[in-house]
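This report refers to the structure that appears directly beneath it.
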Amino acid sequence: MRDDLVYLLSYKNHTQYYRKSSVIIDEEKNTINVLVKSVTKKKNIIYLQNIYSAKEPNYNKFNQQDKWYVFNYKQWQYTITCITDYSKSGNVLLETKYKPNWLHNIFPIKWDDIIPDSIVDLALNKLLQDYKIWNDFQMDIEKNNNY
């Protein structure tokens with residue numbers, strides 16, 4: 001299973017990988033679906049689980065986190081469809097699923113712009129390079145700029 005993980009980057013307290021077997025490329029929609037795994041280096045990452053209840057704070061400490069990303073590489077945007085936090089022993093602490101797939105047919109996906117030099121930007125660039133999409137994408141840009 002470890003052979004299925006491809007190193008993306010290390011950042012402060014965690015290292016990120018993407019799962020090769022999760023990559024789905026839709027050339028018609030210009031999208032890449034991928035599972036990105038974050039693993040903490042030294043200690044757990046702690047965050048407030050419910051930000052709306054300050055009276056009784058409930059903190060989550062996770063050792064690993066999986067995020068399902070959908071990248072639109074032509075529009076340079078992304079959305080997250082699911083986040084799962086795991087304890088050090090591998091138990092699921094919290095799973096947050098966003099709009100189910102069938103709702104995307106009714107309501108549009110909320111896309112966020114990718115900030116240059118962000119973790120998301122670096123991840124998308126690595127995927128474009130690994131799957132040789134970048135060259136095709138660059139050629140399309142050059143064609144459009146040659147009027």
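Just the heavy atoms: all of them, side chains too, but no hydrogens, waters or symmetry mates, feed the values below. For clarity, every value in this text was computed on a predicted model and none was experimentally measured.
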- What closest approach, in Å, do Thr31 and Tyr73 show between heavy atoms, and which atom pair accounts for it? N-CE2, 3.6 Å
- Message: The test is side chain to side chain contact (heavy atoms under 4.5 Å, CB included); show your working for Val39 and His14 and say whether it passes.
- Response: CA-CA 5 Å; Val39 180; His14 64 275; over 6 Å; no
- Query: Between Val70 and Trp111, is any pair of side-chain heavy atoms under 4.5 Å apart?
  - Reply: yes
- Item | Pair Asp4 + Lys20, salt bridge at N-O below 4.0 Å | no
- Counting only heavy atoms not in Asp117, do more than 12 fall under 6.0 Å of its CG? no
- Query: Should the pair Tyr78 and Tyr69 be assigned to parallel (<30°), tilted (30 to 60°) or perpendicular (>60°) ring geometry?
  - Reply: tilted
- Looking only at atom types and distance, does a side-chain atom of Thr79 sit under 3.5 Å from a main-chain N or O of Lys110, one as donor and one as acceptor? yes
- Do the side-chain N and O atoms of Lys37 and Gln64 include a donor-acceptor pair separated by under 3.5 angstrom? yes
- Which heavy atom of Asp26 sits nearest a heavy atom of Lys29, and at what distance? OD1-N, 3.1 Å
- Do the non-hydrogen side-chain atoms of Leu124 and Ile32 ever get within less than 4.5 Å of each other? yes
- Query: Does any donor atom in the side chain of Asp130 or Tyr18 lie under 3.5 Å from an acceptor atom in the other side chain?
  - Reply: yes
- Query: Any side-chain heavy-atom pair from Leu122 and Leu8 closer than 4.5 angstrom?
  - Reply: no
- Message: Regarding Gln77 and Asn72, do their side chains bring together a donor and an acceptor under 3.5 Å, going by distance alone?
- Response: no
- Task: Taking all heavy atoms of Ser89 and all of Asn91, pick out the closest pair and write down the distance.
- Result: OG-ND2, 3.2 Å
- Message: Just so I know, are the side chains of Ile114 and Trp76 near enough to count as touching, which here means a heavy-atom distance under 4.5 Å?
- Response: yes
- Query: Do the side chains of Leu9 and Leu128 join up, straight or via other hydrophobic residues, at under 4.5 Å, putting them in one cluster?
  - Reply: yes
- Among Val34, Ile83, Val120, Asp85, find the one that has a side-chain contact (heavy atoms from CB on, under 4.5 Å) with Lys67. Ile83
- Query: Any chance the side chains of Gln65 and Ser38 put a donor and an acceptor closer than 3.5 Å?
  - Reply: no
- Indicate the atoms forming the closest heavy-atom contact of Leu35 with Ser22, along with that distance. N-OG, 2.9 Å
- Message: Any side-chain to backbone donor/acceptor pair from Asn125 onto Asp121? Under 3.5 Å, distance only.
- Response: yes
- Task: Would you check if Val23 and Ile25 make a side-chain contact, meaning some heavy-atom pair closer than 4.5 Å?
- Result: yes
- Side chain proximity check, Leu5 to Arg19, heavy atoms < 4.5 angstrom: yes
- Message: Strictly distance-based, threshold 3.5 Å: is any side-chain N or O of Thr40 a donor or acceptor partner for the main-chain N or O of Asn63?
- Response: yes
